[in-house]
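Scope of the values below: all heavy atoms of this structure, side chains included, with no hydrogens, waters or symmetry mates.
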Amino acid sequence: LYFKKIDMLCKKGNTTEIIEVKKKAGASAIGQVKGYKDLLELDETNTKVSKCKVLTNETNADLEHMAQKSGVDIIVV
């Protein structure tokens, strides 16, 4: 079911990235993308997600701090 919810799953060679797209992303976007990572790696045992990213139009210092501690990249466009 979560496959229908992942916004972008990018695979190239041995690299797999999950990208979540959110307008004015908050802390829940970080948890969401990390949850997708856990479920994907559980179901596809040969897949190791190398990076989780959140693509958003707006960020703040708290979100940046939480993302850094969680190993999630924030991309502001």
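A donor-acceptor pair under 3.5 Å is formed between the side chain of Glu41 and the backbone N or O of Val49.
Sorted by first and then second residue, the salt bridge (charged side-chain N to carboxylate O under 4.0 Å, His left out) pairs involving residues 22-33 (not counting sequence neighbours) are Glu20-Lys22.
Here CD1 of Ile19 is found 13.5 Å from OH of Tyr36. Values are rounded to the nearest 0.5 Å. Between atom CG of residue Leu39 and atom CG of residue Asp43 there is a gap of 6.5 Å, rounded to the nearest 0.5 Å.
Cluster membership for Leu55 and Leu9, using ILVMFWY side-chain heavy atoms within less than 4.5 angstrom, is not shared. No path of Ile, Leu, Val, Met, Phe, Trp and Tyr side chains, each step under 4.5 Å between heavy atoms, connects Val21 with Ile30, placing them in separate hydrophobic clusters.
Here the closest heavy-atom approach between residue Ala25 and residue Thr56 is recorded as N-OG1, 3.0 Å.
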**OP:** Evaluate side chain to side chain contact (heavy atoms under 4.5 Å, CB included) for Ile18 paired with Leu40, printing each intermediate quantity in order.
**Re:** CA-CA 10 Å; Ile18 296 175; Leu40 181 64; 4.0 Å; yes
**OP:** Carefully, step by step, assess Glu17 and Ser50 under the rule side chain to side chain contact (heavy atoms under 4.5 Å, CB included).
**Re:** CA-CA 6 Å; Glu17 296 182 351; Ser50 53; 4.1 Å; yes
Original post:
Could you walk me through whether Thr16 and Lys48 pass the side chain to side chain contact (heavy atoms under 4.5 Å, CB included) check?
Top reply: CA-CA 7 Å; Thr16 302; Lys48 175 73 173 142; over 6 Å; no
Which side-chain N or O atoms in residues 60-77 pair as donor and acceptor under 3.5 Å with protein atoms at least two apart or in another chain?
from	atom 1	to	atom 2	distance (Å)
Asn60	OD1	Asp62	N	3.0
Asn60	OD1	Leu63	N	2.8
Glu64	OE2	Thr59	OG1	3.3
Ser70	OG	Met66	O	3.0
Asp73	OD1	Lys51	NZ	3.3

